[in-house]
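Read through the structure below, which is laid out as structure tokens, and then see the notes.
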Protein chains: 2
Amino acid sequence: MLFSKSCEYALRATMYLAQMESNEKVGIKVIARDLNIPADYLNKVLQTLVQQQLVSSAKGRNGGFYLTKNELNKPLINIVHAIDGKEVFYRCGLGIKNCSSKKPCPLHNDIKAYRDNIKIALSNNSIASSRSQIDSGEVFLSK
Amino acid sequence: MLFSKSCEYALRATMYLAQMESNEKVGIKVIARDLNIPADYLNKVLQTLVQQQLVSSAKGRNGGFYLTKNELNKPLINIVHAIDGKEVFYRCGLGIKNCSSKKPCPLHNDIKAYRDNIKIALSNNSIASSRSQIDSGEVFLSK
DNA sequence: GTGCTTATATGATCTATGTCATGTTTTTTT
DNA sequence: AAAAAAACATGACATAGATCATATAAGCAC
Ligand code: FES
Ligand code: FES
């Protein structure tokens, strides 16, 4: 689709962590089970996010992944940038080099609207913002 | 992005053929050169379209690919369906099974609105419709 | 009809992505 | 100090997608 599978997993996992009490740590197995994601793979993805300081982790017994207040307030788009890079939002939908309004492809306007809309949504919404919607059962992170 | 590379190639190639005079045949090498696409690969993609009766072809000397009047009037979305299937427009952007407004993911609304938009654009526009825009230099099929 | 030019068919190879598996390090518990 | 539990690190494997290559069949020109 728009994002790589790794990125989809990353987004779902961080939104999942956002639901927890502040500083409550969740083990990888629990996250993977709840989200229906292969644990080892998700582990790898989360490590990347830890390195990028978008997610925190604690080793040892009772350790796990969690989000700090600071991390909760970062926009969701940071996750996308960390995993898929910034180019996703600027690639031509027909694969032509240098997507731009100067030399648009026939689908440019429609594609750009789509891309921009998602980009804006992810930029304006913090990781924490999904909390209430998920909590109230309006939206879901897993089937 | 949204479509597979094969599908991107397919869309560009058919729009390219739409520019030709009716029933003018173009060889695969010419198309590939003009669009900067590996010839053998594009060849394979076009064969699929020929099988699906979205593009016509003629063998032998002075043979090549071309579009009939009938084919020119078909909507562009047929190309997408032939190569990527119908699911592209119904897959959840976060990879959750069964994208639906009943059980939406946090990005569903942002994704669906504009995904539908692209789908509608491709459904309402015939293959031939790109002609004038391309011809007048408003839009481009290659860098 | 012979030879050339073209699409067609099929499969091999390469590449990126996703998945699995193993071992190491850190921290807590006892 | 020892043991256990967890993240961390690394690499092997699998799969799908994209690319390349070869051989076959069909049509045109002469
Ligand atoms: S040029 Fe194709 S999407 Fe912008
Ligand atoms: S449920 Fe995720 S895009 Fe529809």
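Proteins get letters first, then strands, A, B, ... in listed order; numbering begins at 1 in each. What you see is a predicted model, and the numbers here were worked out from it, not measured in a lab.
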Length of the CG-P vector between Leu42(B) and dA21(D), whole Å:
16 Å
Should Gln47(B) be listed as having a side-chain N or O under 4.0 Å from OP1 or OP2 of dT10(C)?
no
Picking from dA21(C), dA29(D), dT29(C), which would you name as closest to the side chain of Asp40(A)?
dA21(C)
Selection from dA7(C), dG18(C), dT19(D) that lies nearest to any side-chain heavy atom of Ser4(A):
dG18(C)
Rounded to whole Å, the CD1-P distance (Ile28(B) to dT5(C)) equals 18 Å
Does Asn62(A) make a side-chain N or O approach to OP1 or OP2 of dT29(C) shorter than 4.0 Å?
yes
Which part of the nucleic acid does Gln51(B) contact within heavy-atom distance under 4.0 Å: base, sugar-phosphate only, or nothing?
sugar-phosphate
Considering only heavy side-chain atoms of Phe65(B), the closest of dA7(D), dA7(C), dT29(C) is dA7(C)
I'd like to know if the side chain of Asn73(B) pairs up with that of Ser126(B) as donor and acceptor (distance under 3.5 Å, no hydrogens or angles considered).
no
For Asp84(B) and dA16(D), give me the distance from atom CG to atom P, rounded to whole Å.
15 Å
With heavy atoms under 4.0 Å as the rule, sort Leu46(A) into base, sugar-phosphate or nothing.
nothing
So for atom CD, which belongs to Gln53(A), do other residues, nucleotides or ligands contribute more than 12 heavy atoms lying within a distance under 6.0 Å?
no
At under 4.0 Å between heavy atoms, what does Tyr66(A) touch on the DNA or RNA strands: base, sugar-phosphate, or nothing?
nothing
Choosing from dA9(C), dC28(D), dT29(C), which nucleotide comes nearest the side chain of Arg61(B)?
dC28(D)
Mind calculating the distance between CD1 (Ile31(B)) and P (dT6(C)) to the nearest angstrom?
12 Å
Any side-chain heavy-atom pair of Met15(B) and Leu76(B) under 4.5 Å:
yes
May I ask you to decide whether Lys112(A) forms a salt bridge with Asp116(A), counting only side-chain N to carboxylate O separations under 4.0 Å?
yes
Closest to the Val50(B) side chain: dT19(D), dT19(C), dT8(C)?
dT8(C)
N/O (side chain, Ser57(A)) to phosphate O (OP1/OP2, dA6(D)) under 4.0 Å:
no
What is the distance, to the nearest angstrom, from the NZ atom on Lys59(B) to the P atom on dA26(D)?
5 Å
Answer yes or no: is there a side-chain heavy-atom contact under 4.5 Å between Ile118(A) and Phe3(A)?
yes
So does Ser6(A) get a side-chain nitrogen or oxygen closer than 4.0 Å to the phosphate oxygens (OP1/OP2) of dG18(C)?
yes
Whole angstrom value for the distance that separates P of dC20(C) from CD1 of Ile37(A)
12 Å
Rounded to the Å, how far apart are Tyr9(A) OH and dT17(C) P?
15 Å
Once hydrogens and angles are ignored, does a donor-acceptor distance under 3.5 Å link the base of dT19(C) to the side chain of Lys44(A)?
yes
Within less than 4.0 Å of OP1 or OP2 of dC13(D), is there a side-chain N or O belonging to Tyr41(A)?
no
Salt bridge between Lys103(B) and Glu138(A), side-chain N to carboxylate O under 4.0 Å?
no
Using whole Å, report how far NZ of Lys29(B) lies from P of dT6(C).
6 Å
